[in-house]
Amino acid sequence: MITFDGVTKRYADGTVAVDDLSLEAPTGEITVLVGPSGCGKTTSLRMINRMIDATEGRVLIDGVDVRTVDPPTLRRGIGYVIQQAGLFPHRKIVDNVATVPHLLGWDRRKARARAMELLERVGLDPGLAGRYPFQLSGGQQQRVGVARALAADPPVLLMDEPFSAVDPVVRASLQEELLRLQAEFTKTIVFVTHDIDEAVKLGDRVAVLRVGGRMAQLADPATLLARPADDFVAEFLGRDRGIRRLSFVSGEGLRLRTDLTAPASAEVSSVRGTAAPWLAVVDADDRPLGWVRVGELPESGTLADVRLAPYGTFVRGRDSLRGALDATLLSPSGNAIAVDDSGRVRGVLTRETLEEALRQAAGGAGGARA
Ligand SMILES: Nc1ncnc2c1ncn2[C@@H]1O[C@H](COP(=O)(O)OP(=O)(O)OP(=O)(O)O)[C@@H](O)[C@H]1O
Ligand SMILES: [Mg+2]
């Protein structure tokens with residue numbers, strides 16, 4: 001666990017970058033520091049690995065004041081990832097990743113083997129190992145940065161806006177990757193961002209800081225979105241926090257209709273009497289094919305002959321209410337198709353049921369994390 005205990009940082013020119021910050025970043029969790037530019041995020045992060053020393057108060061790792069540990073020893077247990085990866089431009093990718101193991105005295109072959117393994121773990125083609133950083137895309141460089149930080153298997157990982165220099169699509173995949181890696185390696189991560197979406201996606205807990213380095217709120221994402229502590233936090237979360245919150249409300253309990261699906265092999269005549277306006281057509285393996293409008297069915301033939309409207313799916317038991325909402329928006333029927341992990345249809349979520357669930361979610365705060 002990393003503890004900030006009444007920490008203040010006053011720079012030589014008198015700027016108070018961090019003001020009496022107290023905070024715990026629990027072991028094995030991702031704690032996100034989020035806030036506007038200049039609110040002291042980077043300063044706070046660097047006080048953990050002593051690139052900056054606090055003016056007042058203490059930073060502790062597992063109860064040990066970092067000021068009592070000499071910086072090189074301290075940093076051996078702390079991986080550090082920054083924006084644009086900060087790779088050594090004149091070293092090959094594999095050597096960039098092997099830097100720390102090498103410093104730790106591993107022999108060259110072992111360090112390189114470790115580097116190759118890590119490149120694969122962060123989703124990079126090992127074929128890139130012999131390239132130089134400038135020969136990689138921004139997203140690939142960021143992955144190398146993460147691999148390098150993990151190379152010595154440090155218990156603590158500090159990440160300072162590591163994904164902010166890449167486009168939104170790459171950024172989303174890097175975020176997914178980080179969550180996947182975290183499930184595998186379980187580090188104590190302190191992650192800095194000024195992007196609230198990134199904060200609520202990645203954080204087990206989120207600390208919102210205001211300029212002047214003061215804590216505005218520390219909470220898990222669902223609580224933060226449901227109950228912002230004050231106007232500053234509410235403003236920072238933005239007007240669409242209601243939608244964001246849905247990501248933290250489970251879709252598990254949503255009532256599904258099982259009478260609104262029909263196999264593609266069904267005769268048109270056999271489904272014409274259906275009371276509902278739309279039917280979901282499934283293949284012989286119960287996988288979704290699309291929607292048919294009951295009122296527009298042809299005279300004869302099977303459903304396989306009918307032109308189908310597009311559909312959206314969500315995974316029952318895994319996707320949040322947000323996922324279910326998105327799925328309904330992908331279909332002109334306004335209904336979503338619920339599937340299981342293997343992609344087989346479990347039932348249909350109607351717009352009416354979804355709207356009822358959305359109203360309930362707006363009333364209460366809770367719900368499982370997505
Ligand atoms: N070496 C320094 N000397 C004086 N003031 C500094 C120094 N480094 C940072 N500051 C100031 O301290 C405050 C906090 O800076 P810091 O870099 O920690 O903010 P940040 O939250 O990381 O901002 P950003 O989102 O822009 O990266 C800012 O007002 C900054 O100008
Ligand atoms: Mg910063």
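The shown structure was predicted, so the numbers you read here are calculated from the model rather than taken from an experiment. Positions are given from 1, in the same order as the sequence printed here. For ligands, and for the atoms within them, numbers begin at 1 and follow the listed sequence.
- Nearest to atom 9 (C) of ligand 1 among the protein's heavy atoms is Tyr11 CE1, 3.3 Å.
- Taking every heavy atom of Asp13 and a limit of under 4.0 angstrom, the matching atoms of ligand 1 come to 4 (C).
- Of the charged side-chain nitrogens involved, none lies within less than 4.0 Å of a carboxylate oxygen, so that Lys9 and Asp53 do not count as a salt-bridged pair.
- In terms of protein heavy-atom proximity, atom 17 (O) of ligand 1 is nearest to Thr42 CB, 3.8 Å.
- Distance screen at 4.0 Å: atom 30 (C) of ligand 1 has no protein heavy-atom neighbour inside the cut-off.
- Residue contacts with ligand 1: Arg46 is excluded, as none of its non-hydrogen atoms falls under 4.0 Å.
- Protein heavy atom closest to atom 12 (O) of ligand 1, with residue, atom name and distance, is Ala17 CB, 3.3 Å.
- Ion pairing between Asp5 and Arg58 holds under the 4.0 Å rule for side-chain N and carboxylate O.
- Annotation: Phe191 is in aromatic contact with Phe163 [ring centroid separation under 6.0 Å].
- Each of Thr3, Ile2, Leu33 was compared with Leu23 under the side-chain contact (heavy atoms from CB on, under 4.5 Å) criterion, and only Leu33 meets it.
- In summary, the atoms of ligand 1 found under 4.0 Å from a heavy atom of Cys39, numbered by their order in the structure, are 19 (O), 21 (O).
- Ranking the protein heavy atoms by distance from atom 26 (O) of ligand 1 puts Ser37 OG, 2.5 Å first.
- Side-chain atoms of Trp291 and Asn335, non-hydrogen and from C-beta on, do get closer than 4.5 Å to each other.
- Judged by a 6.0 Å distance limit and a 45° cone about the ring axis, Arg180 is not positioned over the six-membered ring of Phe185.
- Residues Asp65 and Thr68 bring no donor and acceptor atom of their side chains to less than 3.5 Å of each other.
- Arg171 has a carboxylate O that lies under 4.0 Å from a charged side-chain N of Glu198, or vice versa, which qualifies the two as a salt bridge.
- Side-chain contact between Arg318 and Glu252: absent, with no pair of heavy atoms (C-beta onward) separated by less than 4.5 Å.
- Nearest protein heavy-atom neighbour of atom 28 (C) of ligand 1: Gly38 O, 3.7 Å.
- Residue contact annotation: Thr42 places an N/O/S atom under 2.8 Å from the Mg ion (ligand 2).
- Among protein heavy atoms, the minimum distance from atom 25 (O) of ligand 1 is reached at Lys41 NZ, 2.7 Å.
- The option from Gly40, Gly35, Pro36 that lies nearest to atom 19 (O) of ligand 1, judged by heavy atoms, is Gly40.
- In terms of protein heavy-atom proximity, atom 16 (P) of ligand 1 is closest to Thr43 OG1, 3.6 Å.
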